Protein chains: 4
Amino acid sequence: MRRLGLIGCGRIGRVHALSISRNPDCTLSKVYDPSLANASQIADRDGATVAASADELIRSSDVDAVIIASPTNMHKEHFLAAARAGKPIYGEKPIDVDLERAAATILELRREGIPIMLGLNRRYDRDHATLRSELHAGSIGRVQSMQLASRGPDSAPTPEYIRSSGGFYRDKCVHFLDLIRWISGDEAVEIAAMGSVVADPHVGEHGDIDTAAIIVRLKSGALAHIDNARRATHGYDDRIEVFGTGGMIESSRLRRGNVTRIIGTSMQLDGLTQTPFERYGETYAAALGAFLDLIEGKPGQYPTMEDGFIAQAMAEAAILSAEQGRTVKLADITDRFRSGADAILS
Amino acid sequence: MRRLGLIGCGRIGRVHALSISRNPDCTLSKVYDPSLANASQIADRDGATVAASADELIRSSDVDAVIIASPTNMHKEHFLAAARAGKPIYGEKPIDVDLERAAATILELRREGIPIMLGLNRRYDRDHATLRSELHAGSIGRVQSMQLASRGPDSAPTPEYIRSSGGFYRDKCVHFLDLIRWISGDEAVEIAAMGSVVADPHVGEHGDIDTAAIIVRLKSGALAHIDNARRATHGYDDRIEVFGTGGMIESSRLRRGNVTRIIGTSMQLDGLTQTPFERYGETYAAALGAFLDLIEGKPGQYPTMEDGFIAQAMAEAAILSAEQGRTVKLADITDRFRSGADAILS
Amino acid sequence: MRRLGLIGCGRIGRVHALSISRNPDCTLSKVYDPSLANASQIADRDGATVAASADELIRSSDVDAVIIASPTNMHKEHFLAAARAGKPIYGEKPIDVDLERAAATILELRREGIPIMLGLNRRYDRDHATLRSELHAGSIGRVQSMQLASRGPDSAPTPEYIRSSGGFYRDKCVHFLDLIRWISGDEAVEIAAMGSVVADPHVGEHGDIDTAAIIVRLKSGALAHIDNARRATHGYDDRIEVFGTGGMIESSRLRRGNVTRIIGTSMQLDGLTQTPFERYGETYAAALGAFLDLIEGKPGQYPTMEDGFIAQAMAEAAILSAEQGRTVKLADITDRFRSGADAILS
Amino acid sequence: MRRLGLIGCGRIGRVHALSISRNPDCTLSKVYDPSLANASQIADRDGATVAASADELIRSSDVDAVIIASPTNMHKEHFLAAARAGKPIYGEKPIDVDLERAAATILELRREGIPIMLGLNRRYDRDHATLRSELHAGSIGRVQSMQLASRGPDSAPTPEYIRSSGGFYRDKCVHFLDLIRWISGDEAVEIAAMGSVVADPHVGEHGDIDTAAIIVRLKSGALAHIDNARRATHGYDDRIEVFGTGGMIESSRLRRGNVTRIIGTSMQLDGLTQTPFERYGETYAAALGAFLDLIEGKPGQYPTMEDGFIAQAMAEAAILSAEQGRTVKLADITDRFRSGADAILS
């Protein structure tokens, strides 16, 4: 029974607490959040105690491993503190929105040698995982093209959120850039991107976009499309399709029910789930299970810091492409992290 | 926070315990099962104590209300004991497989005047409930015909199970006979049925059937079909369709995932969930929530003992029809329960 | 190049003319209809000549074979005249609405020894045929139950139509009673039926029903459901499902397009085709092709007069069951046609 | 009754002949093909006469309008000859694979002032047209992104075909570049493209690609994806999706039947149609009908030479983008055709 400490009791922290409460192999022993109210709410419900600081939580003898769900700008500090205390970490991405600082932090974290798993939770979507495992089993031959569409949910980002998230490519597209690698088992070679403001002028006023189109060439020659939008009025619209030399496979949109009506000349099915949590809520539980396996030393494909780093680098390449109107080779971004004492990528 | 006692810690009892553990408005305080191992397993996990007998559990001051999940032949005794102790009851159907004894027991239970809810859990299926509420809202006009198909899961019943369950009509079809009433809001007038042994000869050797076809005429003139089979090798195949004067509405089969492949000349979707619990597991949680509402005195449509009784009577009519090769009027079964001191049905 | 004569230039006659005009292996040489306008309309478009009478058409040396699409009460006369003239016949069902007269006519027609094919055109539906051939190939094991639903189109029958058609069981249900035999490759043993008037009171006022529920036991023990309604406001709603010991197979509703929208919380697909001809129009062309094969003497499974007769007998059994409130053995209807000089059924 | 002449009796010419034979408002009077056998085959079946040359056909007094289905490198000559003879033209695209020559030819053709319709037949797909008309009616708000996927059929192009077609962007992608404009009602601003050889090395050996990924920015800011592949082993896989500020709408893949099986843990639907003609065959008939309307002077949105020219220019921009690794502004290609005496685009 692993005793877990949770740093950050906001929206995503509450999701982790729920997963912990339903997992028979771990308990939530300590929580910390700058807001005592947030921390107490979880602690009271789940029988945990509230730590006075992240540091106190990390050093507590009641905490075997740490879940880091703090604001992005605190990730680096919390990752490093937990690693130095020898506590295994399951932390939200990114380690740092700045690629250089992320690289430097990864090097430091590596030196501590403790198990670290990055919260690339979409990898734990049941249907995405089915798609990937069948693809890797050869069911549709070699990958020829991929489509990753994700739009929604229906909520406008605040100016603060736009700023702290690093913008749409770094915040949302990065998930799908990671999924391209994870699903294909291949690496990106070059990237072309266009961004646009179509639905939410205020997003543009704050220097961001609400619509992104990205194409990625992989080493094998396969070409992947990302079609991402910040908002969708018709629910949380997520779809991944892989077309191969032997067929196609799709992880389809998730509908919120299974009722069909035929009335007049129309057939009406239940529409999409409305929030990402309806689709991806279960991935947090699955990812938690994987983290417990990682602590146990079980072999497996855990999302690494390096996975997070490469996805970030791909997002930077997309940003560069959109800004400069050219196809950007990923190597232009990553070459300086490939060799020498500071090699993140081998 | 209601403290619940659970009588019966077998397969269905464990489902109730799980629902209780996930419901923030109740706790499991006491459990009882003739098998101490079964009882302890649940008690240990959920922080309950084990009672030495059903009676001890029922009389315990730690128990505000009782969940009865004991074997069918014990239902009558446990319902009566709990009612006499003044404890609200959420109990599995039927109160007794024998219609006369069930009627007599209902009369006794009524005299105690405590809240009783029968476990007609399929009424709490999300999609069935959507279908019903849209139908009642008039979305497809008046009901003209209904189809209720249910086949599976893929497991052969033991001879003991066949015997104690009262046979296929009383055990499985009864759920769908109830759903006809609940969904349509209408009452059965007459019933014709055929039973057959197609897939499992051993079911026939024990005097039961594995395939039932039932048609029911409702007061409104609407005609309902039940197409039930004990086993299905392709999963748990459950579907309800209502055809009305203004369209049709269907609560569709439940598929176990949302991955689509197109390979060669075939499009392959994920198939059905394999067990009833994958479909109906959530209904137990919803039914528990309804039971807590009932205890609170909140108005609502709770499945009553009388609902269970009428469904049983419909099953008896189906059995009679199949045996005698004639259309049976439900009144032939129920008239003697309609008036006088022993009136179950008004 | 077969030269065909068409008797009857009404709605169904026009469908046959269209099939002929598109079939490269035959031409329409002569047409006849009591309405010269009807006959001329087809003749002018398709380069045929108008015969002054059915007899003239049948005896014409330009006519190699005869399509009979006259009113039902003329079928017997036209079948006999064509058979006596030695002309192969493709004729609409039934040979006579009266079972005795139909039997007598079949015996007479048999004596002429010419090829006769009955227009049981639903057997030529592409999807129904796929279902049947896969079923017969063993894809889902042995048949356990069947569902045949057909509702629509959205048009009220005239009193004249109700009278001349022989009523709903004989007019519509008979198609699905035939499909049960054709799809299953099995024979009916007993039938229970209920009829109702739900949507169209005027149908009831003319002594007919608008909703039928029929269950049929087959020799193998399989049980089949027919759920038929005269009208459907949501299009022409036709569906056949077979459940077997190894899975299920369905010939699904036919939708009129392949556009999907997700708007708000609803997913909206194109609804059903609105008329039987949108679904079954193509079956006439396929049946015509089969008829040309029959004339050529090619082996095949052509719908016979006896097929039509058995379906009629099943409809009579359903009518008897509904009237008398009992399960009717098909043998009660057909035994007198089974032996001796007048044996229709061997 | 329009009398049509058909130049070119190959694969596509035969499709046009079939459409003409089924259209009651026109007849095929004359055909020409360098292969007398090809020409005679159609002429014999459809009652047309064979012309000794394209010129003879064009000048024939039996020919009211001309269908040009000759090889691409003959289009220019045949368009000009027909236009000079004052005969309305329905001609296959492109007018010339070379953009300059196409522009010059368009200017010449314009001077003749006769009705000309270009064979952008995918615009006549029933489902694509439904999507477009609902989109233009405002059903999903403003366009935010589009996805146009088309892969297949399963046939390898010959080296000759690769050469004469101008390559994959000019041959296949051009259809979808046109559909972007037609569906959105918007114009392209810039284009980024990547091409790849994944499935068919021999395509690469002949200097072409088998996989293309294109993104297009429209004036409104909307971003469109094209995902095209030459071959697909799973059928002809065509899909268009538009995501808007008020929902999404899709013209889905076309399946070849409506049979569903559930066997074991898999649900198996009929797969895709196997050839483009199964999907787009009907569009030729619809386009022919439009052409007859155009001759009549009926107002409508007929695909113009300029439409074809812009789609070609978009394909050239995609080729340039893929070659040079940069986002190409469409104006870089088209500016020289925008003004002065040689203005193709106003």
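Convention: sequence-line order gives letters A, B, ...; per-chain numbering from 1. In this text the structure is predicted, and so the values were computed from the model without any measurement. Scope of the values below: all heavy atoms of this structure, side chains included, with no hydrogens, waters or symmetry mates.
- With a threshold of 4.5 angstrom between heavy atoms, A:Arg261 does not approach chain C through any atom at all.
- A side chain to side chain contact (heavy atoms under 4.5 Å, CB included) with A:Met267 is found for one member of C:His234, C:Met267, C:Arg255 and no other, namely C:Arg255.
- The candidate from C:Asp237, C:Asp154, C:Leu272, C:Thr273 with the greatest count of non-hydrogen atom pairs under 4.5 Å with chain A is C:Leu272.
- When every heavy atom of C:Gln274 is checked against every heavy atom of A:Gly264, the shortest pair comes out as NE2-O, 4.3 Å.
- Both the backbone and the side chain of C:Ile262 come within contact range of chain A, with heavy atoms under 4.5 Å apart.
- Looking at A:Thr265, the atoms closer than 4.5 Å to chain C (heavy atoms on both sides) sit in the backbone and in the side chain alike.
- No more than 12 heavy atoms of other residues, nucleotides or ligands sit less than 6.0 Å from atom CD of C:Glu282.
- With a threshold of 4.5 angstrom between heavy atoms, C:Thr233 approaches chain A through N, CA, C or O but not through any side-chain atom.
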